[in-house]
Amino acid sequence: MRPRPPVHGRGLLGGTGVIIAVLAGTVVALLVPLWSYAHRPAPPVNPLTARTVAAPYGPLSELDRGFVTRLRLAGLWELPAGQQAERKGTTDAVRTAGQRLVQGHTALDRRVRAVAGTLGLPLPNEPGARQKRWLAGLDAAHGADYDRSFANTLRTACGRLLPLIAEVRASTQNALVRGLADDADTTVLGHIEALEATGLVDFAALARDLAASGGPTAPGSSPGDPSATSVPGVGPGEVVPLGPSGAPTVPSGPSTGTSQSPTAGPGSPSVPPGSPTYPLPPAAFGPPPATAANGTSPTGDARSGM
């Protein structure tokens, strides 16, 4: 039987051609995803983390840094206000609320300075100008008027601080700030309860004040705004205290006992010299744990400057 003559033109359709085609398809399948990823635009930067920096115990956001500063500022004027209420309050409830403020801010400030020292954050050593005027206004009040002014001014301030604590606790990536937010939440809630126990808080005025300002933070600023937490300076989210009638007031000082609108012009009175005092310890702090020589705990007194 004679062999068949070879059939020309079937090489590409044979086994070799199939293998070449499979290999080519594999190469294309591998290269196409690489090309597509290489030419994709970069994802947009999340504006909430654009100013987050590396720090011991986790990333530290701008909101975190402003929060630590604001807690320090709160203690610098609320603790003296509590001491004043212990002396000037005409009822046991007002004096007890003052005592709670002193105890709470003494302990909380210890934690604030420890955390700030570990993270290398600067802290102010005196309250803002507006907070000084509030203290001077409380100093000028007497009797039942003092009790009402104290209860409403401090209750308003605590009510504005609470939402910031919750926001930081929910969003922070730093373990030290998270623990500080837990302590601040317990402390501020305790202060609110003590102030409300005086029976002098005007809740309707508080609601109107919050609605007029547009929310729990000060108009035109955010809790993490660095301009609002400069050191030293006026703290973020400062509130307009409420007078006995529930209207926002800015105390003028002990000389007259009168009040002015928060939008008073350049002629508004300044803080009276020598009044009041700010008994919190200076905000000295040591190096972060990586450079500390004695290995003290990150929240220990050695780093907090106590």
Would you please name every residue forming a side chain to side chain donor-acceptor pair (under 3.5 Å) with [X], sequence neighbours left out?
X: D183; result: R111
X: H105; result: E78
X: D147; result: T90

Quick one: which residue pairs count as a ring pair (Phe, Tyr, Trp, His ring centres under 6.0 Å) with a foot in residues 107-126, not counting sequence neighbours? none
Which pairs with one or both residues in residues 153-185 pass ring pair (Phe, Tyr, Trp, His ring centres under 6.0 Å), sequence neighbours excluded? none
[X] versus [Y], closest heavy-atom pair with distance:
X: A55; Y: N174; value: CB-ND2, 4.2 Å
X: A93; Y: A197; value: CB-O, 4.0 Å
X: R113; Y: A283; value: CD-CA, 4.0 Å
X: A97; Y: A194; value: CB-O, 3.8 Å
X: P279; Y: Q83; value: CG-OE1, 3.4 Å
X: R95; Y: G89; value: NH1-O, 2.8 Å

Hey, are the side chains of [X] and [Y] touching, using non-hydrogen atoms and a 4.5 Å cut-off?
X: Q173; Y: S61; value: no
X: L121; Y: T69; value: no
X: L79; Y: D109; value: no
X: L180; Y: L108; value: yes
X: F203; Y: E196; value: yes
X: W77; Y: L154; value: yes
X: Y57; Y: V177; value: no
X: L63; Y: T172; value: no

May I ask whether Y146 and L101 are part of the same hydrophobic cluster, defined by side-chain heavy atoms of I, L, V, M, F, W, Y residues being less than 4.5 angstrom apart, directly or through others? yes
Indicate, with yes or no, if L189 and V112 share a hydrophobic cluster defined by side-chain heavy-atom contacts under 4.5 Å among Ile, Leu, Val, Met, Phe, Trp and Tyr. yes
To the nearest 0.5 Å, how far apart are [atom1] in [X] and [atom2] in [Y]?
X: L161; Y: T156; atom1: CG; atom2: OG1; value: 12.5 Å
X: L200; Y: N152; atom1: CG; atom2: CG; value: 7.5 Å
X: N125; Y: R72; atom1: CG; atom2: CZ; value: 5.0 Å
X: K88; Y: S149; atom1: NZ; atom2: OG; value: 9.0 Å
X: L195; Y: E193; atom1: CG; atom2: CD; value: 10.5 Å

Between the side chain of [X] and the main-chain N/O of [Y], is any donor-acceptor distance below 3.5 Å?
X: R65; Y: L60; value: yes
X: R155; Y: I192; value: no
X: D139; Y: L135; value: no

Given side chain to side chain contact (heavy atoms under 4.5 Å, CB included), test D185 with L162 step by step and report yes or no. CA-CA 7 Å; D185 182 67; L162 201 58; 3.7 Å; yes
Before you tell me yes or no, could you show the steps for L123 and L73 under side chain to side chain contact (heavy atoms under 4.5 Å, CB included), namely the whole-Å CA-CA distance, both residues' side-chain angles and the distance that decides it to 0.1 Å? CA-CA 9 Å; L123 290 175; L73 287 166; over 6 Å; no
Could you tell me which residues satisfy salt bridge (charged side-chain N to carboxylate O under 4.0 Å, His left out) with D182, sequence neighbours excluded, listed by chain and number? R169
Evaluate E126 against K132 for side chain to side chain contact (heavy atoms under 4.5 Å, CB included), listing each step before the verdict. CA-CA 9 Å; E126 63 179 49; K132 293 178 184 179; 2.7 Å; yes
From CA spacing to verdict: side chain to side chain contact (heavy atoms under 4.5 Å, CB included), F150, T198: CA-CA 10 Å; F150 166 78; T198 64; 5.5 Å; no
